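Worksheet for the structure shown next.
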Protein chains: 2
Amino acid sequence: MDAQKDKSMEQLILEAAEVLFLEKGFSLTSTTEIAKTVGCNQALVHYYYRTKEHLFNVIFEQKFMQFFQSVFDNNSLLDLAFEDKIKLIMNSHFDMLQINPRLPQLIINELARQPERIDRLKEKLRSYPEKVFAELNQNLQTEILEGKVRNINLLDLFITIVTLNVSLFMYLPLMQQIFGLNEDQKSEFLAHRRIENIDFVLNSIRP
Amino acid sequence: MDAQKDKSMEQLILEAAEVLFLEKGFSLTSTTEIAKTVGCNQALVHYYYRTKEHLFNVIFEQKFMQFFQSVFDNNSLLDLAFEDKIKLIMNSHFDMLQINPRLPQLIINELARQPERIDRLKEKLRSYPEKVFAELNQNLQTEILEGKVRNINLLDLFITIVTLNVSLFMYLPLMQQIFGLNEDQKSEFLAHRRIENIDFVLNSIRP
DNA sequence: CACATATTTAATAATGCTATTAAATAAATT
DNA sequence: AATTTATTTAATAGCATTATTAAATATGTG
């Protein structure tokens, strides 16, 4: 708790808000509750972040970027085989989800609540996704020509990757309760599915 | 609108509530808004359904059953090959999702908001899922022995089926806006993915 | 220290929501 | 027709929420 004392109230509010927003979403989280969690006056939340919506935006955009980067910021490792890049991307994506298991649900819900947000995010990302895509696609096309990879569509592949990983975490609490898994069994299940998902994708792209 | 005049207020309230709950979820829908949609006094909603929570429960359980049955109530067609049964189940599931595209999100959100609901649903379903599973599994085991189907786990297969279909509808609004699809393109995309999903599953179970 | 600025709190306005109650109206029953 | 029962409304209690304001306290600066 000593580390907490160093942090500014502004930061503490942000961190508490992140936890609560991810746990219960925007509408079920109140600024009063955020303040209570931090142990400050409710007006302070508004002093630093003006409105609940604005506070949420700060967190949402940061987390969305984190989500995005976990998938798209792995091209730094230049000279890997396409297969290894996919492995890297999927592991990175999985790691992020393990730390933020409720993030996909938050993103889906909030983009449904405020569809105009999508345009703002698109603007923020600019041509970055296309750039990464183009680069990876070049890599892919080369390997297809070399007969190392089946002729696949990169977008479809990405949709599959994200779907497989995200769905796992989205349905996990449900499965956990239905099958009555304890924490150890849950961890084991996740570790197993991480590999399964990767294996599935790698198998599906073989020539 | 003549048909509407025949319906009781009780029924009209239920229908309006269903639309609104599926559109915006439990917490963003108010009984005031439901009443306004129907064109009645807000107290009438409470007269017929006592509490908002209770009204929601009526709708939720009914919709959950609909979801459930779309997957589990296809064993009536007895003597089909396993592959054809899967095709039937996936089409039935897809049809249901096309009519209720936001249902999965509602289910996920509300089971997260009230985890105790899961136990109630389990109780309501009793041994029915196991029964269907056992029956289908017998069918599957026979076909595995006959070499018609690869040795797969039925639960894993079901998770894959549900995941593929559900994810599609969950991310559809997002993809629609990102790629700027109009209604025709959206329909086309859906028709394409319906077949893709089925093909994928059927391919994956081949010996 | 004196003054300015930043942080924090208490109080509260304004709003919207659920649920209840009592009264009014319509429908059914005797 | 009289009486009971069902439906519907108006009014409102009670609560939680967001956001603002003015005052209080702490912190920094010349």
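Predicted, not measured: the structure shown is a model, and the values here were computed from it. Within every chain, numbering begins at 1; the chains are lettered A, B, ... in the order of the sequence lines, protein sequences first and strands thereafter.
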(request) For B/S30, enumerate each residue passing the side chain to side chain contact (heavy atoms under 4.5 Å, CB included) test, keeping only those at least two apart in sequence or located in another chain. (result) B/T32, B/E33

(request) Using side chain to side chain contact (heavy atoms under 4.5 Å, CB included) as the criterion, list what pairs up with B/K186, not counting sequence neighbours. (result) B/L172, B/Q176, B/E183

Expressed as a whole number of angstroms, how long is the span from [X]:[atom1] to [N]:[atom2]?
X: B/I13; N: D/dT7; atom1: CD1; atom2: C1'; value: 10 Å
X: A/E53; N: D/dT17; atom1: CD; atom2: P; value: 17 Å
X: B/H54; N: C/dT18; atom1: NE2; atom2: C1'; value: 16 Å

(message) Is there a side-chain contact between B/H46 and the phosphate of C/dT18, meaning an N or O under 4.0 Å from OP1 or OP2?
(response) no

(request) Just jot down the salt bridge (charged side-chain N to carboxylate O under 4.0 Å, His left out) partners of B/E53, sequence neighbours excluded, or say none. (result) B/R113, B/R117

(message) According to salt bridge (charged side-chain N to carboxylate O under 4.0 Å, His left out), who are the partners of A/D156, at least two apart in sequence or on a separate chain?
(response) B/R193

(message) Is the distance from the ring center of A/F72 to that of A/F158 below 6.0 Å?
(response) yes

(message) Mind checking if A/S27 touches a base, just sugar-phosphate, or nothing, with heavy atoms under 4.0 Å?
(response) nothing

(message) For nucleotides 8-16 of chain D, give me one character per nucleotide, 5' to 3': B if any protein heavy atom sits under 4.0 Å from the base, S if the only such contacts are to the sugar-phosphate, - if neither.
(response) BBB------

Pairs of donor and acceptor atoms involving the side chains of residues 94-105 of chain A, under 3.5 Å and at least two apart or interchain, shall be tabulated with distances.
from, atom 1, to, atom 2, distance (Å)
A/D95, OD1, A/R194, NH1, 3.2
A/D95, OD1, A/R194, NH2, 2.7
A/Q98, OE1, A/R194, NH2, 3.3
A/N100, OD1, A/K63, NZ, 2.8
A/N100, ND2, A/M96, O, 3.1
A/Q105, NE2, B/N109, OD1, 2.7

